[in-house]
There are 2 protein chains.
Amino acid sequence: MNVSAKPERTRLSAEDWEDAALKLIADQGVGALAVEALARQLGVTKGSFYWHFRTREALLQAALERWEQYGEREVISQIEAMPDPRARLPELFRRVAHELAPHRVYAALLKALDHPQVVPVMARVSQRRMEFLTTIYREAGLPPAEALNRARLTYSAYVGFLQLNFTLGLPRISHEEFDAYVEHMIATLTPS
Amino acid sequence: MNVSAKPERTRLSAEDWEDAALKLIADQGVGALAVEALARQLGVTKGSFYWHFRTREALLQAALERWEQYGEREVISQIEAMPDPRARLPELFRRVAHELAPHRVYAALLKALDHPQVVPVMARVSQRRMEFLTTIYREAGLPPAEALNRARLTYSAYVGFLQLNFTLGLPRISHEEFDAYVEHMIATLTPS
DNA sequence: GACAATCCATACTCATCCGTATGGTTACTG
DNA sequence: CAGTAACCATACGGATGAGTATGGATTGTC
């Protein structure tokens, strides 16, 4: 009878605050990250917060670092484990397309590129992903220069799609239409 | 001797405020749009502002509408005027690529998709551009469904590139490299 | 079960920014 | 050159949210 919605109301740790912060960022953006609002959502008051963190900035910093670490390393390693290099690209595309949920934080941070704290984090994450993509394209047969440009194009398309269909709600694309779009992407961006 | 930086310090109109607002949005984002800051920048005080506008929201609204109207109609009409349909795509790509300045407001608004006021504006603008792109792809020979998907892909790449290389400063791409990237885009996204 | 460390609540201060009230100044019109 | 309308300055009120101070409650440890 007490598997309640409230997470058992035990005392909180710094990690609890960081997770809550990330959730709030994913839902309402970095700008909505206010300590009193977070405290209400966690069922406590500011007094708790300022015991765990020195300032609001410190929380944001910790949350960002946490997100960067807990990043999607699984995807990268799983893709790299595939034997056939040519099969990696389509698999990566379909994978990313079908689990957009983990990318909600990334999409939110994309809209917060004016905050000095998020820029370096996003730069590192985006850079790593871009390099991974470039490698895959080289392994798929593209010469270095072309692989880099194709990776730029592909990753830009990913970022743009997040903004247009995730954040902005451009004419709600249906499920079948979305699948068709993904296949179109694969056909267009995969080296023949 | 008096072609001064200060724009002659005559009295201000509502349009002056809207232009200043757009400039500030392009530079520092929608979140930085504060009336006292704007007033300082214009060399006046709040008293002036609240004569021209009822509220801060009203200014944002007016500025957005102004931006939407003064939009890049020239580009679209000029491209449509080209006789050879197949030549339109490359020309459009190169044009957009070489004058990124007018797209700074669009990039800034992209980061403000949580504000209820900007969503409808961005939806309309993006929708119009997407439809234009779709038409061009059809005229270039793609069947309707494929033209739509290709337009989605192309426009996503545009939006994503804005975010990655404009707002975020991913490893500052050189001028030559950028040109090569644009040509790669054309080669990849233009129907053979 | 006492005592210290950890965690949290309450009650403030302070800065910022939106909006209002009101009176002054500049430009236009007959 | 009046007088009116357009424009702006100054000085307020009120809301919001960050950060501080301090005492109380809870948890572990000898």
Side-chain angles (χ1 to χ4, degrees), chain A residues 2 4-25 27-64 66 108 111-112 114-118, chain B residues 2 4-25 27-64 66 108 111-112 114-118:
Chain A
N2 202 349
S4 57
K6 309 266 179 183
E8 284 306 321
R9 270 307 283 117
T10 174
R11 306 170 99 181
L12 301 175
S13 68
E15 285 78 21
D16 292 330
W17 284 94
E18 296 169 10
D19 285 339
L22 285 176
K23 188 171 181 303
L24 201 153
I25 288 175
D27 287 343
Q28 312 187 27
V30 176
L33 185 61
V35 327
E36 287 181 291
L38 249 191
R40 268 194 304 274
Q41 185 179 311
L42 285 173
V44 292
T45 65
K46 296 199 299 186
S48 170
F49 176 84
Y50 283 101
W51 193 91
H52 293 287
F53 298 93
R54 243 176 36 77
T55 165
R56 191 204 101 122
E57 255 185 50
L59 169 65
L60 178 55
Q61 194 63 39
L64 290 175
R66 185 174 180 78
K111 300 187 302 183
D114 16 24
H115 292 61
Q117 299 188 72
V118 323
Chain B
N2 203 351
S4 58
K6 311 264 180 186
E8 284 305 321
R9 272 305 285 114
T10 174
R11 307 171 98 182
L12 301 175
S13 68
E15 286 77 20
D16 292 330
W17 284 95
E18 296 169 9
D19 285 339
L22 285 175
K23 188 171 182 303
L24 200 154
I25 288 175
D27 288 342
Q28 310 185 13
V30 175
L33 186 61
V35 327
E36 287 179 292
L38 248 192
R40 269 195 302 276
Q41 185 179 312
L42 286 173
V44 292
T45 66
K46 295 200 299 187
S48 171
F49 176 84
Y50 284 99
W51 194 91
H52 293 287
F53 298 93
R54 242 174 39 75
T55 165
R56 188 205 104 121
E57 255 185 51
L59 168 65
L60 179 54
Q61 195 63 39
L64 289 175
R66 185 176 180 78
K111 300 186 302 182
D114 15 24
H115 291 61
Q117 300 189 72
V118 322

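Letters go in sequence order (proteins before strands), and every chain restarts at 1.
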Could you give the [atom1]-to-[atom2] distance, from [X] to [N], as a whole number of Å?
X       : N      : atom1 : atom2 : answer
B:Glu57 : C:dC17 : CD    : P     : 18 Å
B:Asp16 : D:dC8  : CG    : P     : 9 Å
B:Leu59 : C:dC18 : CG    : P     : 10 Å
A:Leu12 : D:dT26 : CG    : P     : 15 Å

- Using heavy atoms to find the nearest nucleotide of DNA chain C for A:Trp17 and A:Lys46 separately, return the residue whose nucleotide is more 5′. A:Trp17
- Message: Nearest heavy atom decides the nucleotide; on that basis, is B:Gly47 or B:Glu36 closer to the 5' end of DNA chain C?
- Response: B:Glu36
Closest to the [X] side chain, choosing from [options]:
X       : options               : result
A:Thr55 : C:dC7, D:dG19, C:dT20 : D:dG19
A:Val44 : C:dC7, D:dA9, C:dA9   : C:dA9
A:Thr45 : D:dA9, C:dA9, D:dG19  : C:dA9

- Message: Are more than 12 heavy atoms, taken from residues, nucleotides or ligands other than B:Glu15, located less than 6.0 Å from that residue's CD atom?
- Response: yes
- Message: I'd like to know if A:Arg11 reaches the base of D:dT27 with its side chain, counting only an N/O donor and acceptor under 3.5 Å.
- Response: no
- Item | SB check A:Asp27 A:Lys23 (cutoff 4.0 Å) | yes
- Name the orientation class of the two ring planes belonging to B:Trp17 and B:Phe49 (parallel below 30°, tilted from 30 to 60°, perpendicular beyond 60°). perpendicular
- Query: A:Val30 and side-chain contact (heavy atoms from CB on, under 4.5 Å): which partner among A:Ile25, A:Leu64, A:Asp114?
  - Reply: A:Ile25
